[in-house]
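Reviewing the structure listed below.
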Amino acid sequence: MFSLFRESENRHIGTLVLGCLMMGSMGIFANQIVQTHPVNVVFLRFFFCVLSFPLIAIISYPLFPRKTRDKILESIAFARNQPGLWIMVGISMALVLALYTLGAVLLSVGLSVILLYTAAIWFPLTEKLACRYLFPDLRPTQFSSAYYLSVGVNLLGLVTIILGTTQLPRFGSLSSVLGLICSVTASIAFSFSMVLVRVIKTRGIKSEQMIVASSFIGSLIMLPALFLLPIELSSANLYNAAGMGFIATALGGLIYFKGFGSVRTSLAPVLAYLEPIFGFGLAILILGEQFTLTLLLGMSIILASNLGYTLIDLWRSRHLLAGLE
């Protein structure tokens, strides 16, 4: 039985890793959209994500008719039966996606994707506050001392990255400062979204519904920007917007949250640090981004700390299961 449990968890981990890879490609598409205000880049991400859901349903229905129908009904039921929670989930995740996209466009793809996953720093505090003031029926996660050690090392990496960012030649411009603020704020918002993953799971709602709710709400919130700010609807821009909405957000998000919601709470926030590895690698290979030694040190501290914690947590759980067998 425990061997089956391990196989099931490994499958969920693989799902989360694939979602990280797809979502990590977002900044590549966003940075190739030209002559368009950054806010409208965010709108295009949400808009094409919304358009992607019917396409995904059309493709999947002949292969999985019952499962596709169930997913559609789940989305409708969530919005209809729990509108308050649906709006909260949608706004929270839309804020994460919007701030993360702005950070990638205004600052750096590699930096924004790594800063997003400093959410593990804020997660324990955010969860305790949410449990106390918003969801009193939800019990806070009991984190190990190894997790808090990882958080401390992550904080060191975050401070190192911020110091390294101030050394960049372009730092000091309004866009770079706003990009840094957006990236850090996105990580705080993401920590709250992690809490909401737990909340909706306790209420029988699949975690991938977060990306559905956020796309619809984000499109509505950002719609005025389409008429107020510059946007270039060239074929190249539309191609990259479609990739950003379909591959990196809709399909990638559904896969990501499917895995995130299935992996253990203590492991999921840290395992998700694989997304910055993919995003950072793609930024270097495709966009040719360059980083100072200080920035590389800060990113290495964050990645090494969380990969180390992930391996320790996996070893501990498997050792425990082996003992029970």
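We number each residue from 1, following the sequence as shown.
Closest of all the heavy-atom pairs between Gly259 and Thr15 is N-CG2, 3.8 Å. Tyr148 approaches Lys128 most closely through the heavy-atom pair OH-NZ, 4.2 Å. Contact between Leu196 and Met210 at its shortest, heavy atoms only, is CB-CE, 4.1 Å. Counting all heavy atoms, side chain and backbone alike, Cys20 lies closest to Tyr256 at SG-CE1, 3.8 Å. Contact detail for Ala30 and Met244: the closest heavy-atom pair is CB-SD, 3.7 Å. What you find for Val197 and Ile200 is that their closest heavy atoms are O-CG1, 3.4 Å.
In this structure a side-chain-to-backbone donor-acceptor pair under 3.5 Å is present from Asn40 to Leu229. Side-chain atoms of Ser25 come within 3.5 Å of backbone atoms of Met22 as a donor-acceptor pair (strictly under, hydrogens ignored). Panel note: side chain Thr249, backbone Phe246; no donor-acceptor pair is recorded below 3.5 Å. Checked by atom type and distance alone, the side chain of Ser214 pairs as donor or acceptor with a backbone atom of Ile211 at under 3.5 Å. Here the side chain of Asn237 pairs no donor or acceptor atom with the backbone of Leu233 at under 3.5 angstrom. Using modelled atom types, one side-chain atom of Ser191 and one backbone atom of Ile188 make a donor-acceptor pair closer than 3.5 Å. Put simply, the side chain of Ser108 gets close to the backbone of Gly110: a donor and an acceptor are under 3.5 Å apart.
For residues 71-97, the salt bridge (charged side-chain N to carboxylate O under 4.0 Å, His left out) pairs, not counting sequence neighbours, are Lys71-Glu208, Glu74-Lys206.
With a 4.5 Å cut-off on side-chain heavy atoms, Trp122 and Val151 do not count as touching. Side-chain contact check for Pro124 versus Tyr147: some heavy-atom pair is nearer than 4.5 Å. Under the 4.5 Å side-chain criterion, counting only non-hydrogen atoms from C-beta, Ile302 is in contact with Ile161. The shortest side-chain heavy-atom distance between Asp137 and Phe135 falls under the 4.5 Å cut-off. Leu228 has its side chain out of reach of Val39: every pair of non-hydrogen atoms, C-beta onward, lies at least 4.5 Å apart. Under the 4.5 Å side-chain criterion, counting only non-hydrogen atoms from C-beta, Phe53 is in contact with Phe216. A heavy-atom distance below 4.5 Å is not found between the side chains of Phe46 and Leu220. Side-chain contact check for Asn31 versus Asn240: every heavy-atom pair is 4.5 Å or farther apart.
Expressed to the nearest 0.5 Å, how far CD1 of Ile255 lies from CG of Leu18 amounts to 4.5 Å. The OG atom of Ser207 sits 10.5 Å away from atom CE of Met93, with the distance rounded to the nearest 0.5 Å. Note: Leu138 CG to Arg198 CZ = 4.0 Å, rounded to the nearest 0.5 Å. To the nearest 0.5 angstrom, Leu115 atom CG is 5.5 Å from Ser183 atom OG. Atom-to-atom distance recorded for Ile91:CD1 and Met88:CE is 8.5 Å, nearest 0.5 angstrom. Taking OG of Ser215 as the start and CG of Leu97 as the end, the distance is 7.0 Å to the nearest 0.5 Å.
Side-chain contacts under 4.5 Å among hydrophobic residues (ILVMFWY), followed directly or transitively, place Leu95 together with Leu99. Cluster partners of Ile72, by chain and number: Ile76. The rule joins Ile, Leu, Val, Met, Phe, Trp and Tyr whenever side-chain heavy atoms lie under 4.5 Å apart.
In Phe64, the CZ atom is not crowded: 12 or fewer heavy atoms of neighbouring residues, nucleotides or ligands sit closer than 6.0 Å. Shown here is Phe192, whose CZ atom has more than 12 heavy atoms of other residues, nucleotides or ligands within 6.0 Å. Heavy atoms from other residues, nucleotides or ligands lying under 6.0 Å from CG of Leu285 number more than 12.
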Practice item. Determine, step by step, whether Val195 and Leu129 satisfy the side chain to side chain contact (heavy atoms under 4.5 Å, CB included) criterion, reporting the C-alpha distance in whole Å, the side-chain angles of both residues, the deciding distance to 0.1 Å, and the verdict. Key: CA-CA 10 Å; Val195 179; Leu129 291 174; over 6 Å; no
Review point. So Gln209 and Ser75, side chain to side chain contact (heavy atoms under 4.5 Å, CB included) or not? Walk me through it.
Key: CA-CA 7 Å; Gln209 292 297 327; Ser75 300; 2.9 Å; yes
Review point. Run the side chain to side chain contact (heavy atoms under 4.5 Å, CB included) check on Leu134 and Val199 step by step: do they pass?
Key: CA-CA 10 Å; Leu134 297 176; Val199 173; over 6 Å; no
**Study point:** Trace of the side chain to side chain contact (heavy atoms under 4.5 Å, CB included) decision for Met194 with Thr126
**Key:** CA-CA 9 Å; Met194 291 178 180; Thr126 304; over 6 Å; no
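No continuous path of ILVMFWY side-chain contacts below 4.5 Å connects Leu107 to Leu297, so the two sit in separate hydrophobic clusters. Following chains of ILVMFWY side-chain contacts shorter than 4.5 Å, one can reach Ile221 starting from Leu223, so the two form part of one hydrophobic cluster. Placement of Leu282 and Leu251 in two distinct hydrophobic clusters is found when ILVMFWY residues are connected by side-chain heavy-atom separations under 4.5 Å, directly or transitively. Put simply, Ile247 and Ile28 are part of two different groups of oily side chains (I, L, V, M, F, W, Y) that touch within less than 4.5 Å, one to the next. Residues Leu156 and Leu295 fall into different hydrophobic clusters, defined by Ile, Leu, Val, Met, Phe, Trp and Tyr side chains chained together at heavy-atom separations under 4.5 Å.
In this structure, Tyr100 has its ring center no closer than 6.0 Å to that of Phe190.
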